[in-house]
Amino acid sequence: MNKGAASHDPAILTIIQQRLDGITYRMGAVMTRTARSALASQAHDFSCFLTDAQGRLLSQAEGIPIHTGGGGFAVRALLDSFGEEIRPGDIFVSNDVYTAGGNHLADWTVFAPVFAEGGLVAFTCNRCHQLDIGGGAAGAYNPEAREIYHEGLRIPPLRLESEGIPRKDLLDLLMANCRRPDILNGDVGAMVGSVKMGLAWMEGLIAEYGWPTLHAYCDALLDYAEQRMRQELLEIPDGVYEAREVMANDCFSDREVLIRLRLTIQGSALTADFTGTDPQISGYKNSALPNTFSAVYAALATVVDPQILHNEGMYRPVRIIAPEGTVVNCTEPAPVGFATIHPAHEVMHCFWKAIGQADPERVCGGWGKMSNPAIAGLDGQGRVFVLYNLGGLASAGAMKGRDGIDQVGTPINMGGLVIPNLEHLERAYPVRFVRHEFRRDSAGAGQYRGGTGVDYQVRLLNPTTIFLRGEGQDNFSGFGIAGGKSGAGAKVTYAPDGGPERELPAYGIMDIPPGIVRVRSAGSGGWGDPSARRKDRVLRDVREGILSPEEAREYYGFELDDTGDSSATLRGEDHAT
Amino acid sequence: MADSVRIGVDVGGTFTDVVVVQDRTGEVVSLKVPSSPEDLLRGIFAGLEKVAGSFGMGLAQFLGDTASFVHGTTVCTNLMVQRKGARVGLLTTEGFRDSLAIRRGMRKSIWDMKAPSPPALVPRNLRIGVRERMAPEGDPTVPLDTKSVRAALKIFEREGVEAIAVCLFNAYANGGHEEIIREAAVGVFPDIPVLISSEVLPVMGEYERVSTTVINAYVAPAAASYLNAFNEALQAKGLKVPPQIMHGNGGVTDIPSSVLKPGSLILSGPAAVAAAALWAGEALGAPNVIVFDMGGTSCDVSVLADGRISLFDGMEIEGYHLAAPSLEIHTIGTGGGTIASVDPGGMLRVGPQGAGADPGPAAYGRGGEQPTVTDAHLILGRLEGEHLSESGISLDRDKAESAVRSKIAGPLGISTPEAAMAIVRVANQNMIGAIELMSVQKGRDPRRFTLIAAGGAGPLHACAVARALGISGVFVPRHAAVFSALGLLHADLRRDYVQNFHEKMREIPLEKLRAAFGGIRDTAAKDIESTGVSRDRIRMIFQADLRYEGQHWDIPVDIPDLDHPRTLENLSADFHDRHEILYGHRDPESGIEFSNLRLAAIVPTPPVSLGGRKPPDSSGAAPPAGSREVFLDGHAPLVQVPVFRGSTLLEGFQTPGPALIEENDTVVWLEAGDSLEVDADGNYHICIGAAPERDEP
């Protein structure tokens with residue numbers, strides 16, 4: 001049974017696992033506290049991880065799933081570029097998708113090599129989403145990009161510090177290519193600080209155990225995770241499960257872009273085959289291989305025991321087939337700016353739909369897709385600002401045993417992204433918030449209902465550029481499962497000051513005068529037949545204004561007795577068991 | 001009152017600790033009685049009767065001689081854990097009533113898809129928006145629509161709310177509208193608590209502010225009725241001084257003030273440990289101290305650095321966020337009763353599940369079949385069957401062995417003693433991780449600290465934990481098992497104030513900073529004077545929350561002398577230094593901005609001397625009371641280790657490890673290579689030596 005683990009001291013195995021996680025966790029704390037952008041310091045859009053000298057992921061205790069699953073690609077690209085030339089005291093940076101194993105250009109990765117006994121043994125890494133990286137649009141998302149060159153600065157693996165000496169000329173080049181060098185410089189400085197602290201902690205761990213011993217235990221931890229994953233896969237019925245998802249546009253026209261998954265569970269092995277997925281598109285919703293792998297790994301992690309270590313061993317039983325030239329394995333120079341959201345969201349949905357056929361109790365209903373646009377303009381001091389409108393995020397699908405999670409974020413980070421306080425944003429940017437409340441009747445009905453979206457309204461005080469990137473607009477993005485219903489689609493509108501509210505398209509860039517941008521974010525999918533929902537829960541949702549009396553009747557078969565908001569009672573038999 | 005006493009009562013989940021110190025002799029009497037969660041006062045008074053009896057007094061006479069009475073309470077913690085707080089009505093700015101439920105989209109464990117989010121403490125139909133708006137600079141851009149306020153209050157009346165919370169958007173910048181609403185609410189509901197966010201927590205960030213205000217309202221009615229009943233009962237039984245209550249900031253306040261901001265009582269229990277750390281640090285002359293207080297179910301870690309324990313605003317309890325200034329205390333689920341298990345992949349885990357007091361460890365013989373840390377110690381010989389019999393619990397070694405053998409040793413393919421050793425080492429690692437989180441992660445080098453081991457189980461683990469962290473000195477207080485309750489007696493009277501202050505360092509004139517602090521200082525002085533303390537006894541500590549322009553987290557930096565002409569320059573320099581210590585880099589080019597000002601108003605408590613230890617019965621060098629066979633590393637051979645009775649050891653007594661010292665309700669495990677010395681008060685000072693030769697790295 002205990003391949004790997006048995007030959008080792010079980011206490012040390014547990015201790016080393018905790019020590020490695022402790023290092024990544026503390027690296028994350030350093031990052032949170034020192035980064036400049038709200039994305040990093042408040043929204044936690046970064047991940048710290050450790051790999052060995054081959055780029056195998058050892059620990060990612062602190063992080064966002066979409067970042068780290070593909071982290072090994074970035075380390076392997078670094079090794080390909082520098083190989084034997086990596087020296088103690090070096091710090092590296094990269095972001096490129098096609099030459100450096102990146103997800104999208106906005107995610108920069110900083111690496112510190114760890115040496116022991118004269119050789120390279122590991123890397124401490126931090127991958128962080130940057131607020132702006134130059135390119136065709138402020139804010140690192142250029143919805144009009146047709147090539148990766150339009151999306152910002154491409155950074156193949158580069159030496160940022162050489163044997164302890166910062167390469168100021170290189171840093172100047174990087175800073176000269178973005179719109180907010182002050183913030184970028186602050187965030188990169190925080191990343192460098194965190195990997196250096198991680199390096200020191202790793203050196204401490206190595207000094208304590210000696211690298212050969214530590215290395216052997218790292219191997220055992222990978223074996224352990226593999227074994228746990230295989231045990232879980234054995235519990236999922238063997239079979240071939242097919243699923244499909246679509247993106248509703250290619251960023252330039254309304255047309256369905258299909259993602260197909262053929263998932264095979266055979267014993268303790270899993271194959272995710274995306275053959276049949278549509279060719280890469282001209283817009284920026286293409287995913288290169290590292291990003292697709294990350295999305296599959298993230299989805300997989302949600303359907304198994306959350307205690308399984310999220311290291312490279314967990315991925316060993318998984319084979320991913322993604323044909324080149326498709327939206328899940330695009331080739332240069334396809335733009336990829338939005339890949340970490342779409343098609344990553346669709347990839348995860350496909351995975352859940354497929355597993356749901358094998359065992360619906362392992363999966364949740366679909367999460368509402370993201371429709372909140374980014375906006376960019378000039379603040380009071382004439383500096384460029386970018387607002388992602390994270391207050392307009394969608395909700396998470398229901399699972400057996402719990403309702404969906406009302407507004408929470410995107411599945412690619414499992415809701416790990418923290419929405420900034422709107423008061424902070426109001427003080428920093430020329431905007432005033434009008435509304436940020438749940439949206440009635442947006443949750444998909446079910447024995448466990450989906451999560452509700454929000455009605456989010458922000459008044460822009462200055463003329464602004466708006467970057468539209470809606471996927472869940474007017475379609476049911478949060479699918480229901482096991483008999484549950486889908487959540488409501490999103491709506492994005494704009495009303496100039498004194499003018500009427502009108503719907504905005506799902507893609508493109510517009511310059512807009514001051515006015516109110518409104519996002520009604522998507523609801524997520526319910527789980528199980530709505531008629532099995534407990535009456536008191538239906539009544540609670542009616543009383544709380546989450547569910548209208550009309551929908552209570554339509555989906556749950558309950559009739560409202562009273563019109564009063566909070567003293568209402570429901571007529572009808574409770575079929576819940 | 002020649003023989004006046006000070007009393008500390010610390011109510012925990014399982015036991016209520018009562019400690020009494022006689023002012024004249026410094027003699028300490030302590031006892032543990034079972035807590036009575038359904039009627040907390042019953043357990044407290046049972047303990048008090050008993051302790052009065054041990055002085056040969058009736059309760060009335062005993063309380064009449066009491067010079068100070070301090071109470072640490074779990075009443076608010078229980079309300080949160082059991083979600084049994086008040087029915088709260090919440091008023092917000094129209095359009096923002098769901099901030100409380102959205103909770104910034106935070107999920108506690110992102111990988112655990114099945115975990116539901118805890119329900120909002122105020123149901124949505126009781127979260128009502130009113131028409132008004134403040135700009136971020138504090139100008140009212142939409143006047144308060146009092147009609148909408150009245151309409152909301154009508155709904156609250158109909159719904160029978162028991163407390164009201166008010167949190168308007170941007171109210172940190174101007175609380176005017178909140179104050180008007182409070183006046184209206186108090187008019188309609190004269191008898192229920194009405195809390196406004198601009199008073200509870202006047203800082204930017206609508207989620208944390210609303211959550212904190214709501215938690216305060218949620219616990220307010222029950223806290224008030226408990227504390228008032230407690231007070232009345234004590235006065236009725238003869239107490240002549242106003243009892244003081246321990247707060248999460250590590251200070252005490254009287255009951256009328258406690259009732260106004262009861263949220264900070266949630267951390268009342270663990271905060272006593274920190275107060276004890278402050279006292280012990282002072283007594284030891286050690287400004288840098290790490291305390292780990294390991295009881296039956298959990299371990300609380302707190303750190304005293306440069307003579308201070310830092311406060312933070314990010315406390316979370318049961319998934320709810322409380323941004324009240326609280327002592328930084330990190331709690332992990334590792335105690336004597338914590339369960340060890342082997343997961344399906346063959347990984348040994350210790351905790352966080354515990355066996356609790358009932359059934360407790362397998363060795364208790366009350367039906368517990370899961371092996372615990374206590375069972376492991378028993379197998380290794382560090383605990384003995386009869387030792388705990390004073391607490392009415394005897395330990396059954398066979399049951400411990402059978403649990404560890406079947407649940408750990410068998411699945412891992414190792415011997416039972418090896419499995420027991422592995423359990424202890426993983427438990428140690430849990431504590432080491434918790435201590436690292438509180439030290440290394442915050443830029444503090446644990447090697448510069450003294451480790452204080454407290455709680456019933458702490459002294460069993462202290463040497464190994466210290467060695468792993470490179471700590472050379474360990475202090476085990478003689479009253480380790482009630483260390484926390486002793487902290488109550490040493491806690492200063494303390495109030496913390498925080499106020500929003502958004503200014504840039506390079507733009508602000510020093511006068512403006514002084515004026516802002518002047519306002520807070522007046523409020524603080526008035527508050528404390530109202531409790532009958534004269535102004536000249538109050539010590540004020542000033543701090544500014546600073547960050548580089550554009551950062552979103554603050555670092556609190558002390559302002560030692562507000563009157564110094566170079567206050568701003570010094571503050572900037574100190575901030576750069578702090579930033580580098582904490583995070584490894586500094587940015588001298590960047591501007592610095594303020595976000596909040598903080599003031600701590602402290603009235604020191606007269607020091608308690610515990611000098612009066614009864615002379616030990618024995619004379620001359622204390623012989624070991626006996627010896628027993630102990631596994632040093634999980635492998636044979638067993639080693640005969642001397643066992644000492646703590647009560648027989650004289651000042652200056654020394655012994656090298658390995659050795660066991662049995663104290664009331666605790667055992668000190670001195671490892672090979674370490675040495676121990678007893679001081680005049682009967683406390684233990686351990687010098688950690690080089691790692692003993694063994695296979696454990």
Side-chain angles (χ1 to χ4, degrees), chain A residues 1-2 5-6 10-11 13-15 18 22 26 29-30 32-34 36 38 41-42 182-183 186 189 193 196-197 208-209 224 227-228 231 301-302 306-307 364 393 399 401-402 405-409 414-419 421-424 426-427 434-438 543-545 565-566, chain B residues 95-99 101-102 104-107 109-114 116-117 123-125 136 155 158-159 169-170 172 204-208 343-349 412-414 421-422 425-426 429-430 433 436-437 440-441 502 548 550-553 579 582-585 587 590 695 697:
Chain A
M1 274 294 281
N2 301 316
L13 188 71
T14 306
I15 289 167
Q18 291 190 20
R26 293 202 297 273
V30 170
T32 303
R33 298 274 175 171
T34 52
R36 288 296 173 80
S41 63
Q42 284 226 28
D182 54 336
I183 290 180
K196 282 184 176 175
M197 296 295 269
E208 205 171 315
Y209 288 94
Y224 160 80
Q227 186 194 341
R228 288 289 293 117
Q231 287 170 341
T302 68
Q307 293 248 327
C364 61
L393 286 171
M399 266 193 113
R402 66 149 174 83
I405 303 167
D406 302 332
Q407 181 180 37
V408 67
M414 300 315 304
L417 199 135
V418 178
I419 299 168
N421 273 312
L422 303 183
E423 286 179 352
H424 280 272
E426 237 182 49
R427 190 168 269 274
V434 178
R435 192 175 188 82
H436 183 214
E437 280 195 1
F438 292 142
R543 281 185 175 164
E544 296 202 348
D565 214 22
S566 50
Chain B
F96 298 93
R97 65 170 163 160
D98 290 328
S99 305
I102 293 169
R104 303 183 60 193
M106 287 188 270
R107 291 185 65 222
S109 168
I110 59 167
W111 296 105
D112 185 358
M113 281 287 281
K114 291 194 167 131
S117 298
R124 192 165 191 261
N125 47 309
I155 295 173
R158 196 180 68 211
E159 292 286 334
F169 202 83
N170 286 338
Y172 70 93
M204 182 166 72
E206 72 273 13
Y207 169 66
E208 287 78 5
D343 79 8
M347 175 84 80
L348 173 65
R349 295 177 189 272
L412 291 177
I414 55 179
M421 192 64 213
R425 282 156 68 193
V426 172
Q429 175 58 38
N430 291 349
E436 280 181 333
L437 197 121
V440 183
Q441 181 163 318
H502 279 273
Y548 287 124
Q551 278 184 335
H552 290 253
W553 290 85
H579 197 276
L582 286 172
Y583 309 125
H585 69 103
D587 187 356
S590 171
D695 65 343

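Lettering of chains follows the sequences in order, A, B, ..., and the numbering in each one begins at 1.
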B:D343, part contacting chain A, at a heavy-atom distance under 4.5 Å: side chain
How about B:P136 and B:F169: do any of their side-chain heavy atoms sit closer than 4.5 Å? no
Can you tell which of B:G413, B:S99, B:S590, B:G433 has the highest number of heavy-atom pairs within less than 4.5 Å of chain A? B:S590
Sort out for me which of A:C364, A:P306, A:G401 touches chain B most, counting heavy-atom pairs under 4.5 Å. A:P306
Need one label for A:L422: side chain, backbone, both or neither, based on atoms under 4.5 Å from any heavy atom in chain B. both
Residue pair B:R124 / A:E437, side-chain heavy-atom distance below 4.5 Å: yes
Residue, of A:R402, A:R435, A:E423, that accumulates the most heavy atom pairs under 4.5 Å with chain B: A:E423
Most contact-rich option vs chain A, by heavy-atom pairs under 4.5 angstrom, among B:P123, B:P116, B:G205, is B:G205
Minimum heavy-atom separation for A:I405 to B:S117, with atom names? CG2-OG, 4.0 Å
Decide side chain to side chain donor-acceptor pair (under 3.5 Å) for A:Q407 and A:H436; before the verdict, give the C-alpha distance in whole Å, the side-chain angles of both, and the deciding distance to 0.1 Å. CA-CA 10 Å; A:Q407 181 180 37; A:H436 183 214; 2.8 Å; yes
B:I414 versus A:P10, closest heavy-atom pair with distance: CD1-CG, 3.9 Å
